[in-house]
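Structure, as structure tokens:
Residue numbering restarts at 1 for every chain, and letters A, B, ... go by the order of the sequence lines.
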Amino acid sequence: DVKVTQSSRYLVKRTGEKVFLECVQDMDHENMFWYRQDPGLGLRLIYFSYDVKMKEKGDIPEGYSVSREKKERFSLILESASTNQTSMYLCASSMMEQFFGPGTRLTVL
Amino acid sequence: GENVEQHPSTLSVQEGDSAVIKCTYSDSASNYFPWYKQELGKRPQLIIDIRSNVGEKKDQRIAVTLNKTAKHFSLHITETQPEDSAVYFCAASFGTGFQKLVFGTGTRLLVSP
């Protein structure tokens, strides 16, 4: 069965903290993605990766970085969290169809 | 630029009615158009998709149509049921070689008994 997991369902951090969100997939997919979901704005692509150690900027990469050291794991890093990064973060992996993780609701105070 | 517009943002229907959600895309090279359903508190899940070499695809009560000339595609749900209530997202592929998806802003469908 397809499985994409994310390290936390809920996370509360303070402004300026470094935040790590982790995503793991067990489907041997080449492609992995990080989105943020905000009401009325849909899913917006932050970064994606099509191979180990490869990464590409999506539509809203500012304030974020990523790491893909192993095929199954894709991490999203907020170097210095800000209140406007409060959002739902969704990870996905794909060969063609994208499978989503359960999401991490991040609140930055 | 890469853009997908989705309408309406909210849609209320009575059980048994049909529901139609429409999307337009900006890149004539887009060739893959999936639809995702997201129930409250859950992850988005693929419900149907269509490729550019096909004009229509059906799966039980759900169908998707694609008009490449006009660059729009639509989701049709017939005989709606309360469990169809959810947010629906359309998406279109962009890019050559590796393709990414750009999503619409979502439609909240409410089916009343």
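Of the two parts of B:Glu2, only the side chain, counted from C-beta on, holds a non-hydrogen atom closer than 4.5 Å to a non-hydrogen atom of chain A. Heavy atoms closer than 4.5 Å to chain B are found in the side chain of A:Arg9, but not in its backbone. Contact annotation for B:Pro34: neither backbone nor side-chain heavy atoms come within less than 4.5 Å of a heavy atom of chain A. No part of A:Glu30 comes within reach of chain B, as not one of its non-hydrogen atoms sits under 4.5 angstrom from that chain. At a 4.5 Å heavy-atom cutoff, the contact between A:Leu41 and chain B is made by backbone atoms alone. Only the side chain of B:Gln38 has a heavy atom closer than 4.5 Å to any heavy atom of chain A.
A:Asp38 and A:Ser87 are linked by a side-chain donor-acceptor pair at a separation below 3.5 angstrom, with hydrogens and angles left out of the test.
The existence of a salt bridge linking A:Glu56 and B:Lys100 is excluded, since no basic side-chain nitrogen approaches an acidic carboxylate oxygen closer than 4.0 Å. Ion pairing between B:Asp84 and B:Arg61 holds under the 4.0 Å rule for side-chain N and carboxylate O.
Between chain B and the options A:Gly40, A:Gly101, A:Pro39, heavy-atom pairs under 4.5 Å are most frequent for A:Gly101.
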ask   = Checking ring-ring contact (aromatic ring centres under 6.0 Å, His included) for the pair A:Tyr35/A:Phe100: CA distance, chi angles, key distance, verdict?
value = CA-CA 10 Å; A:Tyr35 295 91; A:Phe100 284 87; 5.7 Å; yes
request  = Decide side chain to side chain contact (heavy atoms under 4.5 Å, CB included) for A:Phe20 and A:Ser75; before the verdict, give the C-alpha distance in whole Å, the side-chain angles of both, and the deciding distance to 0.1 Å.
outcome  = CA-CA 7 Å; A:Phe20 293 87; A:Ser75 301; 5.5 Å; no
